[in-house]
There are 2 protein chains.
Amino acid sequence: MLSKIEKKCIERGMKMTEQRKIIAKVISDALDHPDVEEVHQRAIKEDTGIGIATVYRTLRLLDDAGIVEKHDFGDGRARYEEILDDHHDHLINVKTGEIIEFVDDEIEKLQVAIAKKYGFKLIDHRLELYVIPENESN
Amino acid sequence: MLSKIEKKCIERGMKMTEQRKIIAKVISDALDHPDVEEVHQRAIKEDTGIGIATVYRTLRLLDDAGIVEKHDFGDGRARYEEILDDHHDHLINVKTGEIIEFVDDEIEKLQVAIAKKYGFKLIDHRLELYVIPENESN
DNA sequence: CTACATGCAAACCGTTTGCCCACTT
DNA sequence: AAGTGGGCAAACGGTTTGCATGTAG
C-alpha cells in the first residue's frame, strides 16, 4: 500500500518520515505546479506541524533524486512537479498565470540534433512559451 | 559619435548620465552574458564611482526599454545581453558554463504553431539546451 | 541506540528601495 | 534652477543553515 512515489523515495535510500511522506503525497496529487509555499500549505492540511524548512529540504532531496522537477517560470520562486514517464514542456499564459503542458516530438528531435551539430549531448532542456490569448492586443 | 546603443537610450527618453553611458557601453561591448556583478566590475574599470544599485537600476531600465534582454540560466543570478537584430537561443555547456548562441528557424516556426494550436499568440519564449561534450559520460 | 530528520530562527544572497546629495537638461 | 539620477546602507523575499531535539531504521 505504498504509493509509487514513496516506493521511489525508498529505492533512493530516503528515510521516510511522516513529513516526507506527506510532502511526497502532496506533489504526487498535485495537478498543477505548486511553489514551496503552496506545497507547505497543502502539507499542513494533513499535519499541522510541518515547517517550511522541511519542505525546502525535502523538495531539494526529491529533486536530487530525480523524483520531482524544479521549474523556474520567471516569477521569482521555484515550482515543482512530479516526474512521470511523459515528458512535456510548458506554455504559460502571462495574462492569467495558467500553465499548459504540451509535447511536440518534432521540437524534441530538433533539439537533440542541434546539440549534436555543435558536438554536444543534450542532457536537459527548457522550453517555455509565454503567450497571451489570441485576440487580445497586449 | 554616439554609439548606437546610446542612441536607442535617448530615443527611449533616458537621461544619459555618465554612469548610464558606461553601463550601456559595457553591455554593448560584451561578447558574453555578464551578470550584474560582472557588469559592475567592468563599469568600475572606466569610472571607479559607480554603485551596484545604479547598475541594477540601469539594467532594469534597459530591459524595460527593450534594449537589453535579461536571462535566467538557472544559476541564481540574472545575466544580460544587448538585443540586436538577430534572435537566438542558448546552448549551455554544463561542464564549463560556456554559452553558445544558436538559431533554428524550424523550431521558431513550430513554437508559433504550438501557441496557435492552443488558441494563443506567442509573445516570448525561452529555449535553453543544457548539454555536455559528446564523448563524456557524465 | 545512533545517525539522520525536524522546527525554529537567524543567516544568506541577489535585488530593490528610501534618503539625501549631485548632476543633467 | 528644477527635477531626475546616483551612492549608500537598510530592507526585502525566497532559500539555506546551525542548533537543539525528535525519530526512523
Side-chain angles (χ1 to χ4, degrees), chain A residues 2 6-27 33-41 43-65 67-80 97, chain B residues 2 6-7 9-27 33-65 67-80 97:
Chain A
L2 290 180
E6 261 187 74
K7 255 183 222 158
K8 279 199 212 172
C9 292
I10 291 165
E11 276 173 34
R12 313 298 206 273
M14 286 177 62
K15 189 189 275 189
M16 289 314 281
T17 63
E18 198 51 36
Q19 292 90 327
R20 290 185 178 177
K21 282 182 200 164
I22 291 171
I23 293 166
K25 181 173 190 309
V26 166
I27 287 292
H33 304 72
D35 58 30
V36 176
E37 185 70 36
E38 185 60 34
V39 173
H40 186 218
Q41 289 308 320
I44 276 178
K45 289 204 188 104
E46 321 237 352
D47 171 350
T48 318
I50 293 185
I52 192 127
T54 299
V55 179
Y56 273 104
R57 281 191 276 235
T58 303
L59 252 13
R60 163 124 79 141
L61 225 48
L62 292 171
D63 187 26
D64 291 347
I67 297 170
V68 305
E69 191 170 356
K70 181 178 182 174
H71 292 294
D72 166 20
F73 292 141
D75 55 1
R77 59 229 135 109
R79 298 168 168 282
Y80 293 85
Chain B
L2 290 180
E6 261 186 74
K7 256 183 221 156
C9 292
I10 292 165
E11 276 172 33
R12 312 299 206 273
M14 284 177 64
K15 189 189 277 190
M16 288 314 281
T17 64
E18 199 51 35
Q19 292 90 328
R20 290 184 179 177
K21 281 182 201 164
I22 291 172
I23 293 167
K25 182 172 189 308
V26 166
I27 287 293
H33 305 72
D35 58 32
V36 176
E37 185 71 34
E38 185 61 34
V39 173
H40 186 218
Q41 289 308 319
R42 296 182 195 176
I44 276 179
K45 289 204 187 103
E46 320 235 354
D47 171 350
T48 317
I50 294 185
I52 191 126
T54 299
V55 179
Y56 274 105
R57 280 190 276 234
T58 303
L59 252 12
R60 163 125 77 143
L61 226 47
L62 293 171
D63 187 26
D64 291 347
I67 296 170
V68 305
E69 190 170 357
K70 181 179 184 175
H71 291 295
D72 166 19
F73 292 142
D75 55 0
R77 60 227 135 111
R79 297 167 169 281
Y80 292 85

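Below, read A as the first sequence line, B as the second, and so on, with proteins coming before strands; counting in each chain starts at 1.
Atom CD in A:Glu18 sits roughly 21 Å away from atom P in C:dC4 (whole-Å rounding). Distance CE (A:Met16) to C1' (D:dA24): 11 Å, rounded to an integer number of Å. A:Met14 has its CE atom 14 Å from the P atom of D:dA24, to the nearest Å. Rounded to whole Å, atom P of C:dT6 lies 14 Å from atom CD1 of A:Ile52. Atom C1' of nucleotide D:dG14 and atom NE2 of A:His40 are separated by 14 Å, given to the nearest angstrom. Going from atom CD1 of B:Ile22 over to atom P of D:dG7 covers 9 Å, rounded to whole Å. Whole-Å rounding puts the B:Ile44 CD1 to D:dG7 C1' distance at 12 Å. Computed from coordinates, the A:Ile23 CD1 to C:dG7 C1' distance equals 12 Å when rounded to whole Å.
Checking A:Arg77, A:Arg79, A:His71 one by one against A:Asp35, the side chain to side chain donor-acceptor pair (under 3.5 Å) holds for a single residue, A:Arg77.
Look at A:Tyr56 and you won't find any side-chain N or O under 4.0 angstrom from OP1 or OP2 of D:dT16. A close approach under 4.0 Å does not occur between any side-chain nitrogen or oxygen of B:Gln19 and OP1 or OP2 of C:dC23. The phosphate of D:dG14 (OP1 or OP2) has no side-chain N or O of A:Arg60 nearer than 4.0 angstrom. Dashed line: the shortest gap from a side-chain N or O of B:Arg20 to OP1 or OP2 of C:dC23 is not under 4.0 Å. For A:Thr17, no side-chain nitrogen or oxygen approaches OP1 or OP2 of C:dA5 to under 4.0 Å.
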Quiz item: Run the side-chain contact (heavy atoms from CB on, under 4.5 Å) check on A:Thr17 and A:Thr58 step by step: do they pass?
Solution: CA-CA 10 Å; A:Thr17 63; A:Thr58 303; over 6 Å; no
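Along DNA chain C, the nucleotide nearest to A:Ile50 and the one nearest to B:Tyr80 differ in position, and the one closer to the 5' end is contacted by A:Ile50. Residues B:Arg77 and A:Asp47 both approach DNA chain C. Their nearest nucleotides, taken by heavy-atom distance, put A:Asp47 toward the 5′ side.
Side chain of A:His40 to main chain of A:Ile50: a donor-acceptor pair is present (N/O by atom type, distance under 3.5 Å, no hydrogens or angles). Listed for the B:Arg42 side chain is no donor-acceptor partner under 3.5 Å among the backbone atoms of B:Val26.
Nearest to the side-chain atoms of A:Ala53 among the listed nucleotides C:dT17, C:dC8, C:dA5 stands C:dC8.
To the nearest 0.5 Å, atom CG of residue B:Leu61 and atom NZ of residue B:Lys15 are 12.0 Å apart.
At a cut-off of 3.5 angstrom, counting only N and O atoms as typed in the model, there is a donor on one side and an acceptor on the other between the side-chain of B:Arg57 and the base of C:dG18.
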